[in-house]
Student: 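The structure's right below; bear with me while I get my questions together.
So you know, we letter chains A, B, ... as the sequences are listed, proteins then strands, and number each from 1.
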Number of protein chains: 2
Amino acid sequence: MKVLIVEDDPLHRSYLHEAVCSALPECETVIEAENGIAGEQLARDHKSAHIVMDLQMTGRNGIEAARTIWKERPDTRILFWSNYSDEAYVRGVSRIVPDGAAYGYVLKSASDERLKLALRSIFVESQCVIDREVRGLQQKSIGHANSFTDSEYEILVDIALGLTDRAIAKRRNLSLRSVQNRLQHLYDKLDVYQASPEDRLDSQFNLRARAVTVAFLRKLLNYSALERAEAELQDWLNDQS
Amino acid sequence: MKVLIVEDDPLHRSYLHEAVCSALPECETVIEAENGIAGEQLARDHKSAHIVMDLQMTGRNGIEAARTIWKERPDTRILFWSNYSDEAYVRGVSRIVPDGAAYGYVLKSASDERLKLALRSIFVESQCVIDREVRGLQQKSIGHANSFTDSEYEILVDIALGLTDRAIAKRRNLSLRSVQNRLQHLYDKLDVYQASPEDRLDSQFNLRARAVTVAFLRKLLNYSALERAEAELQDWLNDQS
DNA sequence: TCGCGTCTTGCGTAAACCCGCATCCCCTCG
DNA sequence: CGAGGGGATGCGGGTTTACGCAAGACGCGA
């Protein structure tokens with residue numbers, strides 16, 4: 001068995017290395033990459049390797065790297081090991097995982113035990129292991145109450161990128177009014193309407209900008225999500241030319 | 001000599017602990033805190049302690065913690081040890097450092113040597129040690145060309161929070177037009193006007209939202225800055241009531 | 001096949017934004 | 001002390017947003 005570790009923090013990398021060796025005695029090779037690009041390359045070079053991947057890396061982040069790796073070899077087993085359980089990450093991951101792939105998501109705050117167990121479950125038993133906390137988010141993200149549908153999330157990203165209603169309409173193939181319609185749903189769900197109930201009507205807030213802010217504060221969006229979205233946007237803009 | 005370490009990642013914490021012991025043999029006590037709140041408390045309990053602090057922590061982050069610590073004891077020596085050199089962090093730190101205080105800012109990517117040298121310089125020699133890369137930012141942030149004045153930064157934060165022009169005017173004691181004036185300067189500097197020169201005039205972008213986005217992508221803003229700004233905003237809103 | 005909820009569109013309006021043009025005020029520099 | 005530059009304001013108007021109202025469109029069980 002081979003394991004590829006993709007993690008940019010040297011301390012965490014060596015900790016992982018040790019954890020892998022101790023949890024998987026049958027593993028004879030451990031390879032390390034310190035960023036997403038190198039990780040993709042090494043994954044190509046070592047076709048049979050299982051992967052442990054950090055999500056937050058500078059440059060090419062874990063989600064992007066995982067996407068290209070899975071694109072080339074969908075049955076790769078990947079364990080995401082992250083500091084955070086931002087909804088943006090969780091959503092990002094579940095958006096790219098191929099059907100039937102075995103993968104995992106454990107938080108860095110988890111105990112040694114938990115990490116080792118996850119390593120064995122995924123790489124030996126081919127089981128999915130999702131951290132309880134992350135799982136909670138996924139559930140909520142599907143159960144419709146107070147959570148976000150894909151179309152709402154989509155439009156959230158679009159305004160976060162700074163597109164106009166018109167541009168969104170063009171991009172998503174909708175009428176102007178539909179875009180605005182979706183926006184209203186978004187505003188409702190994000191509860192952007194200032195907590196001041198019987199306060200004066202001057203709402204103080206620019207709904208569009210405020211929506212992005214509260215999404216950020218709620219971890220619905222984060223830097224990495226924005227970065228990816230911006231890249232996609234640029235692609236689209238080029239196609240448009 | 002006493003040293004207080006404030007850092008939420010256990011691996012980094014123990015690494016720091018070791019670095020401190022080896023760089024400062026004269027240090028007889030090392031105390032650890034795993035978040036900002038605990039850090040503030042321990043700083044109160046150990047008046048003479050020097051501090052090494054992480055910036056990015058969940059809950060109360062390093063900048064907030066440092067601010068209250070410095071408020072109570074302005075001559076405390078603090079070494080910030082961070083993963084990033086986002087302009088938002090650099091700006092946040094230099095905004096709160098008291099006159100004449102000895103402090104430091106080194107990146108986690110720095111070598112052992114660099115870290116140990118910084119520890120000795122600050123805690124023994126009372127010198128300021130700013131990482132070269134961070135220093136670069138600070139300079140640029142003062143040299144006016146293509147950098148941001150405080151008033152521009154201020155209004156950037158305000159729109160990032162989602163305030164309307166009117167609300168900003170009230171908050172900053174400006175006329176509506178002045179707010180819009182500053183906004184235009186901001187848009188200029190952020191170069192929000194779509195890179196498409198001779199492209200069709202439909203600018204695709206909602207300037208206000210786009211400005212926030214590019215500020216984020218350029219690390220002029222980050223989560224922690226938003227969080228702080230939001231807290232200040234809430235205070236202000238309450239005063240308004 | 002009917003009925004119902006959800007999503008999409010149009011129309012129309014009031015409010016918020018973006019911004020060129022033109023004063024004023026204040027500070028600095030020669 | 002006068003010239004010049006930068007920021008604060010007013011005025012005016014063209015755009016874009018936010019959103020109520022209402023008519024279709026689509027899908028899905030009874």
Student: Could you check how far CD1 of A:Ile159 sits from C1' of D:dT16, rounded to whole Å?
Tutor: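 Rounding to the nearest Å, CD1 of A:Ile159 and C1' of D:dT16 are 14 Å apart.
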Student: Using a strict threshold of under 4.0 Å (side-chain N to carboxylate O), is an ion pair present between A:Asp9 and B:Lys108?
Tutor: no
Student: To the nearest angstrom, how far is A:Ile168 atom CD1 from C:dT9 atom P?
Tutor: 14 Å
Student: Can you figure out which of D:dC19, C:dC18, C:dC19 approaches the side chain of A:Leu207 most closely?
Tutor: D:dC19
Student: How long is the line joining CZ of A:Arg166 and P of D:dT15, in whole Å?
Tutor: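 Whole-Å distance recorded here is 10 Å.
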Student: Can you measure A:Arg210 atom CZ to C:dA16 atom P for me and round it to whole angstrom units?
Tutor: 17 Å
Student: Near B:Arg132 CZ, under 6.0 Å, is it more than 12 heavy atoms from other residues, nucleotides or ligands?
Tutor: no
Student: Any chance you could list the contact pattern along nucleotides 5-10 of chain D? Use B for base contacts, S for sugar-phosphate-only contacts and - for none, protein heavy atoms under 4.0 Å, 5' to 3'.
Tutor: ---BBB
Student: What is the separation between atom CG on A:Asp188 and atom P on D:dG20, rounded to the nearest whole Å?
Tutor: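 About 9 Å, once rounded to whole Å.
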Student: For the pair A:Lys47 and A:Asp75, find out whether any cationic side-chain nitrogen is under 4.0 Å from an anionic carboxylate oxygen.
Tutor: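 Looking at A:Lys47 and A:Asp75, the cut-off is not met.
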Student: For a quick test of reading the model: is some side-chain N or O of A:Tyr193 closer than 4.0 Å to OP1 or OP2 of D:dA18?
Tutor: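 No, outside the criterion.
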Student: Determine whether any donor atom in the side chain of B:Gln180 lies under 3.5 Å from an acceptor atom in the base of C:dC17, or the reverse, and answer yes or no.
Tutor: no
Student: Does A:Glu64 pair with A:Arg228 as a salt bridge, N-O distance under 4.0 Å?
Tutor: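 Salt bridge: no.
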Student: Do the side chain of B:Gln184 and the base of C:dC18 come within less than 3.5 angstrom through a donor-acceptor pair of N or O atoms?
Tutor: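 Per atom types, no contact qualifies.
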Student: Could you state the NZ-P distance from B:Lys170 to C:dA16, rounded to the nearest angstrom?
Tutor: 11 Å
Student: Under 4.0 Å: is that the gap between some side-chain N or O of A:Asn206 and OP1 or OP2 of C:dA16?
Tutor: no
Student: Does the ring centre of A:Phe80 sit less than 6.0 Å away from the ring centre of A:Tyr89?
Tutor: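 Ring-ring flag for A:Tyr89/A:Phe80: false, centres at least 6.0 Å apart.
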Student: Kindly indicate whether the side chain of B:Leu190, heavy atoms from C-beta on, has any atom under 4.5 Å from the side chain of B:Arg210.
Tutor: no
Student: Please report, rounded to the nearest Å, how far the C1' atom of D:dT16 is from the OH atom of B:Tyr187.
Tutor: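 To the nearest whole Å, that distance equals 12 Å.
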Student: Please verify the inter-ring angle class for B:Phe123 with B:His50; under 30° counts as parallel, over 60° as perpendicular, anything in between as tilted.
Tutor: parallel
Student: Nearest-Å distance, CD (A:Glu154) to C1' (C:dC7)?
Tutor: 14 Å
